[in-house]
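Report on one structure; see the data block that follows.
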Number of protein chains: 2
Amino acid sequence: MDHLEKRAKRWSLEEVREYLLQHDIRISAYRLKIFEYLINERTHPTAEEIYEVIKRDLPAISPATVYNTLRLFLEKKIVQLVSVEKNEGRYDATLSWHGHLKCLACGKVFDLHIETLKLDGLEGFEIFEKHLNLKGLCPECLKTKNFKREGKHG
Amino acid sequence: MDHLEKRAKRWSLEEVREYLLQHDIRISAYRLKIFEYLINERTHPTAEEIYEVIKRDLPAISPATVYNTLRLFLEKKIVQLVSVEKNEGRYDATLSWHGHLKCLACGKVFDLHIETLKLDGLEGFEIFEKHLNLKGLCPECLKTKNFKREGKHG
DNA sequence: ATACTATATTATAATCGTTATTAAATTATA
DNA sequence: TATAATTTAATAACGATTATAATATAGTAT
Ligand SMILES: [Mn+2]
Ligand SMILES: [Mn+2]
Ligand SMILES: [Zn+2]
Ligand SMILES: [Zn+2]
């Protein structure tokens, strides 16, 4: 929940470098940039969005590098894949247990603090990953685009 | 949770026909078969799996029909899309609120009864969909394929 | 039943996000 | 250096799904 604060402390490039090395990831300019973006912005970007952002500073980057890097980060378990929509992968450097809500109007993905979750019938199972994904409308969009409130879930 | 019982009552073709008509869906042999399969088997099949199963009885069916039909069922809200893995869509005619666990060894998708879920910070949001997806190993696979138990989550 | 209309189905091409391939560039090591 | 290992970029390939367009089927009116 520390990481879910709106104002988490920014990581310096040096801290990112240390973190990557600690996780057995060799350093490159792209890797530093990509992880620094994920950890400091925390907007759950898609690979495409990351590509566009990094390209501003390092125009020679290719989409393949973004995909390669994200796959590496997933393997090394320093990012998690968030897929609220089946067709779009989003990446999150926040690893603590939390849920996600995607606003169907603006596309933003919000972090959710999960107070309690109790499940039945998991005796004998081994759990590796848990994902809680909601779809809805954010307060901003509900106001400005005045959608009607009519969903069922609380 | 009625629907999560291992032995839910089977729907007759006549009941399926009624249900489709009630939901503004015109009847066809394929639609009856596909929904009957989803509601009576409840194995969360992929489109591909549905195609293979229906083909046994109706060999002329095309994959496009399965996709068309599933898309229609989603629009009419008589099935829900389950996507534990980002790249594979699975379909579920059980609409009551429950979670899913995919066994990474055998691929089976299990229903989970959710006892309680409390979320923070949803004031002002409008929620349309909630999905809880776990990945892990089922008791069967833990036994027969003797994986080591080492996951962190409870 | 016939004609007419609307819908369902099929085959196929197209799309989209991602992965695989491979050669060139970069970095690490001897 | 030389040499080996890794990273990157361009491109092709892939798998799931959607779009297109032609044909088949079903519904309705005469
Ligand atoms: Mn997050
Ligand atoms: Mn289910
Ligand atoms: Zn919004
Ligand atoms: Zn299993």
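If you're wondering where the values come from, they're calculated on a predicted model, not measured in any experiment. In what follows, chains carry the letters A, B, and so on, assigned in the order in which the sequence lines appear, proteins first and then strands, with residues in each chain numbered from 1.
The closest donor-acceptor contact from the side chain of Asp92(A) to the backbone of His44(A) lies at 3.5 Å or more, if one exists at all.
Both Leu72(B) and Ile39(B) are members of a single hydrophobic cluster when ILVMFWY side chains are connected at heavy-atom separations under 4.5 Å. No path of Ile, Leu, Val, Met, Phe, Trp and Tyr side chains, each step under 4.5 Å between heavy atoms, connects Leu117(B) with Val82(B), placing them in separate hydrophobic clusters.
Rounded to whole angstrom, the span from the CG atom of Leu32(B) across to the C1' atom of dA26(D) amounts to 14 Å. Asn68(B) places its CG atom 14 Å from the C1' atom of dA16(D), with the value rounded to the nearest Å.
Taking a 4.0 Å limit (strictly below) on heavy-atom distances, residues 53-65 of chain B reaches DNA chain C at Ala60(B), Ile61(B), Ser62(B), Ala64(B), Thr65(B).
Look at Tyr67(B) and you'll find a side-chain N or O under 4.0 angstrom from OP1 or OP2 of dT17(D). Look at Lys86(B) and you won't find any side-chain N or O under 4.0 angstrom from OP1 or OP2 of dA16(D).
Lys33(A) has no carboxylate O lying under 4.0 Å from a charged side-chain N of Glu36(A), or vice versa, which leaves the two without a salt bridge. Ion pairing between a basic and an acidic side chain is recognised when a charged N comes within 4.0 Å of a carboxylate O; Glu15(A) and Lys9(A) show such pairing.
Using a 4.0 Å cutoff to heavy atoms of chain A, the contacted part of DNA chain C runs 5' to 3' from dG17(C) to dA28(C).
Ring centroid separation for the pair Phe73(A) and Tyr91(A) does not come in under the 6.0 Å cut-off.
Residues Leu112(A) and His98(A) fail the side-chain proximity criterion, which asks for heavy atoms closer than 4.5 Å. For the pair His131(A) and Leu134(B), the minimum side-chain heavy-atom distance is 4.5 Å or more.
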Summarise how protein sits on nucleotides 2-7 of chain D as a single string, 5' to 3': B when a protein heavy atom is under 4.0 Å from the base, S for sugar-phosphate-only contact, - for no contact.
----SS
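When each of Leu38(A), Thr65(A), Thr46(A) is tested with Leu70(A) by the rule side chain to side chain contact (heavy atoms under 4.5 Å, CB included), just one qualifies, namely Leu38(A).
Side-chain polar atoms of His113(B) and Glu115(B) form no donor-acceptor pair below 3.5 angstrom.
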